[in-house]
> 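Sharing a structure here in structure tokens format.
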Amino acid sequence: MTDAPRSTPEEPWPVRVVSQKVGAWIAKLGWVWVDGQVAQISRRPGASTVFLTLRDPSADLSLTVTTNRDVLDSGAPELREGARVVLHAKPEFYAARGTLSLRADEIRQVGLGELLARLEKLKKLLAAEGLFDRSRKRRPPFLPQRVGLITGRASAAERDVLTNARRRWPAVEFRTVNVAVQGPSAVPQIVDALKVLDADPSIDVIILARGGGGIEDLLPFSDEALCRAVFACRTPVVSAIGHETDAPLVDYVADVRASTPTDAAKRVVPDLTEEVRLIGQARSRLERAVRNLVDRESHRLDLLRSRPVLARPQVMVDQRAAEVSALRDRTGRCLDHRLGAADDDLRHTLARLRALSPAATLDRGYAIVQRADGHVVRAAAEVAKGDPLRVRLADGELTATVDG
């Protein structure tokens with residue numbers, strides 16, 4: 001299947017025509033209010049025009065602003081690079097160069113109160129999105145293989161972190177990235193440094209450090225783009241910005257907040273002396289526990305060994321033999337007693353049988369009269385005259401005939 005051939009335009013536009021049309025469209029935008037950070041101020045001696053470079057704090061984007069010196073002196077006479085401003089300007093497109101700029105007729109420097117209000121609004125927005133959520137914060141490793149450090153070049157913060165960390169753990173390794181920590185270029189440089197260190201697999205934790213300063217000096221560390229970059233890092237980030245009382249927004253997003261750069265060094269690497277002391281204490285406790293266990297078990301063995309059953313094992317056999325003999329004797333006595341009782345009962349029974357037997361009755365002078373058929377005669381009516389009778393005596397028997 002082949003692509004359909006492109007239709008050839010009847011008449012292409014020249015570049016200047018395109019540029020003119022873009023300029024005409026931008027001219028329709030009118031006047032707008034613009035918020036940004038001053039990256040550069042250019043005042044030419046004797047010239048009434050002042051050139052500003054206005055940068056977006058949350059994006060790597062800047063525009064050139066032209067204004068009258070009187071407008072700048074009346075609205076922001078103490079304006080310096082890095083300050084936040086709000087200006088009323090009209091976008092202008094220079095068709096000859098193809099560039100966009102702003103022409104301002106009013107410039108206002110953002111005051112401290114307004115700046116704090118904006119920061120508070122941004123803080124609520126980031127908190128609502130979950131960037132401050134404690135459940136997502138990660139614990140740095142106990143002993144990092146390598147530490148990434150983002151700080152100003154040759155700054156006191158860099159010296160404090162490196163000196164204290166190496167004093168605590170001399171073998172710790174650092175990869176330091178020096179950036180601008182204030183001014184319009186601070187946020188892009190810090191964000192780029194975060195990306196570089198986060199992509200390094202040897203980096204286990206990143207420290208973002210800066211010394212103390214005013215609210216405007218620490219403003220880059222409350223920038224929304226920087227906060228989101230810290231939130232997106234896969235590597236744990238430790239924020240060590242300013243002093244204990246300083247609280248830029250990046251402190252709330254970072255996994256660990258250190259009060260000072262020195263505190264960050266203490267939180268990232270353990271103290272070798274303290275760890276050696278703890279290991280010594282643990283070894284001492286382990287040795288005591290082992291000794292106590294051995295002593296306790298040895299004492300138990302001594303107790304078991306001292307028992308008669310183990311000291312003289314034949315005693316148990318003798319005891320059991322004595323018990324068997326006693327049981328045998330008791331069994332014999334019991335059997336003799338039962339046999340004697342049974343013999344007495346038998347003699348008594350024989351005596352009763354003999355006393356009740358017919359022979360005993362005959363011995364007392366009685367006789368038993370029987371008819372010829374052997375029936376014992378118990379009444380005179382049972383025989384008739386002339387019937388033969390048999391009379392049994394104790395000694396012998398007689399024959400008789402009934403005669404009346």
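Computed over heavy atoms, backbone and side chain alike; hydrogens, waters and symmetry mates excluded. The structure presented is a predicted model; accordingly, all values stated were derived computationally and were not measured.
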> Quick one: do Gln281 and Leu278 satisfy side chain to side chain contact (heavy atoms under 4.5 Å, CB included)? Show the steps, please.
CA-CA 5 Å; Gln281 290 181 351; Leu278 293 176; 3.9 Å; yes
> So does Asp373 have more than 12 non-hydrogen atoms from other groups sitting under 6.0 Å from CG?
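For Asp373, atom CG is crowded (more than 12 foreign heavy atoms under 6.0 Å).
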> Hey, are the side chains of Trp169 and Asp271 touching, using non-hydrogen atoms and a 4.5 Å cut-off?
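Counting from C-beta outward, Trp169 and Asp271 never come under 4.5 Å.
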> Check whether Arg139 reaches the backbone of Pro236 with its side chain - one donor and one acceptor, N or O, closer than 3.5 Å.
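A pair under 3.5 Å: no.
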> Distance-only, no hydrogens or angles: does the Thr151 side chain make a donor-acceptor pair with backbone N or O of Ala209 under 3.5 Å?
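Yes, because the side chain of Thr151 sits within donor-acceptor range (under 3.5 Å) of the backbone of Ala209.
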> Is there a donor-acceptor pair closer than 3.5 Å between any side-chain N or O of Glu274 and the backbone N or O of Pro270?
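A pair under 3.5 Å: no.
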> Is it true that a side-chain atom of Lys137 and a backbone atom of Val256 form a donor plus acceptor pair closer than 3.5 Å?
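Here the side-chain-to-backbone pair does not exist.
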> Do Leu126 and Phe231 have side-chain heavy atoms sitting under 4.5 Å apart?
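Result no, sub-4.5 Å side-chain heavy-atom pair not found.
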> Are side-chain heavy atoms of Val268 and Val238 found at a separation under 4.5 Å?
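When only atoms from C-beta onward are counted, Val238 and Val268 do touch, with a gap below 4.5 Å.
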> Quick check: does any side chain N or O of Asp255 sit under 3.5 Å from a backbone N or O of Val237, one acting as donor and the other as acceptor?
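Yes, the answer is positive, given that a donor and an acceptor are paired below the 3.5 Å cut-off.
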> Should we count OH of Tyr252 as having more than 12 external heavy atoms under 6.0 Å?
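No.
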> Heavy-atom distance under 4.5 Å between the side chains of Arg328 and Val324, does that happen here?
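In short, these two side chains touch, coming nearer than 4.5 Å.
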> So which heavy atom on Val71 is nearest to which on Ser74, and how close?
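Nearest pair, atom of Val71 first, then Ser74: O-OG, 3.0 Å.
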> Are the side chain of Thr163 and the backbone N or O of Arg159 linked by a donor-acceptor pair below 3.5 Å?
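Yes: the side chain of Thr163 pairs with the backbone of Arg159.
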> Among residues at least two apart in sequence or on other chains, which ones pass side-chain hydrogen bond (donor to acceptor under 3.5 Å, both in side chains) with Asp344?
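Checked Asp344 against side-chain hydrogen bond (donor to acceptor under 3.5 Å, both in side chains); matches are Arg347.
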> Hey, does the side chain of Ser48 reach the backbone of Asn68 with a donor-acceptor pair shorter than 3.5 angstrom?
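No; zero donor-acceptor contacts below 3.5 Å.
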> For Arg80, does the CZ atom have more than 12 heavy-atom neighbours from other residues, nucleotides or ligands under 6.0 Å away?
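Not more than 12 within 6.0 Å, no.
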> Side chains of Leu72 and Arg43: closer than 4.5 Å at any heavy-atom pair?
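Yes - at least one pair of side-chain heavy atoms lies under 4.5 Å apart.
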> Is there a side-chain contact between Val32 and Pro91 in this structure, where contact means two heavy atoms from C-beta onward sitting under 4.5 Å apart?
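Sidechains of Pro91 and Val32: in contact.
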> Side chains of Arg228 and Glu129: does their closest heavy-atom pair fall under 4.5 Å?
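Heavy-atom side-chain distance check passes, below 4.5 Å.
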> Which pair of non-hydrogen atoms, one from Asn178 and one from Glu158, has the smallest distance, and what is that distance?
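Minimum heavy-atom separation between Asn178 and Glu158: ND2-OE1, 3.3 Å.
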> Can you tell me if Arg69 has over 12 outside heavy atoms packed within less than 6.0 Å of its CZ?
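Yes, the 6.0 Å shell around CZ holds more than 12 heavy atoms from other groups.
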> Going by the angle between their ring planes, with limits at 30° and 60°, are His88 and Trp31 parallel, tilted or perpendicular?
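Geometry flag for Trp31 against His88: parallel rings.
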> Would you say Arg210's side chain and Val181's backbone share a donor-acceptor pair under 3.5 angstrom?
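Yes; judged by distance alone, with no hydrogens or angles, the pair exists.
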> Look only at the side chain of Asp198 and the backbone of Thr235, and say whether a donor-acceptor pair between them is shorter than 3.5 Å.
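Yes: the side chain of Asp198 pairs with the backbone of Thr235.
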> Quick one: which of Ile150, Val177, Val179 gives a side chain to side chain contact (heavy atoms under 4.5 Å, CB included) with Gln189?
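Filter result, single survivor: Val179.
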> Is the count of non-hydrogen atoms from other residues, nucleotides or ligands lying under 6.0 Å from Lys90 atom NZ greater than 12?
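It does: Lys90 NZ has more than 12 such atoms within range.
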> If you draw a 6.0 Å radius around CH2 in Trp33, do more than 12 non-hydrogen atoms from other residues or ligands fall strictly inside?
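Correct, the count exceeds 12.
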> Ignoring hydrogens and angles, tell me if any N or O in the side chain of Asp204 forms a donor-acceptor pair with the backbone of Gln145 under 3.5 Å.
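Yes; judged by distance alone, with no hydrogens or angles, the pair exists.
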> Would you mind reporting whether Leu119 and Leu219 have side-chain heavy atoms less than 4.5 Å apart?
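Yes, their side chains come closer than 4.5 Å.
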> Go through the structure and list residues passing side-chain hydrogen bond (donor to acceptor under 3.5 Å, both in side chains) with Arg146, not counting sequence neighbours.
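side-chain hydrogen bond (donor to acceptor under 3.5 Å, both in side chains) list for Arg146, sorted by chain: Ser202.
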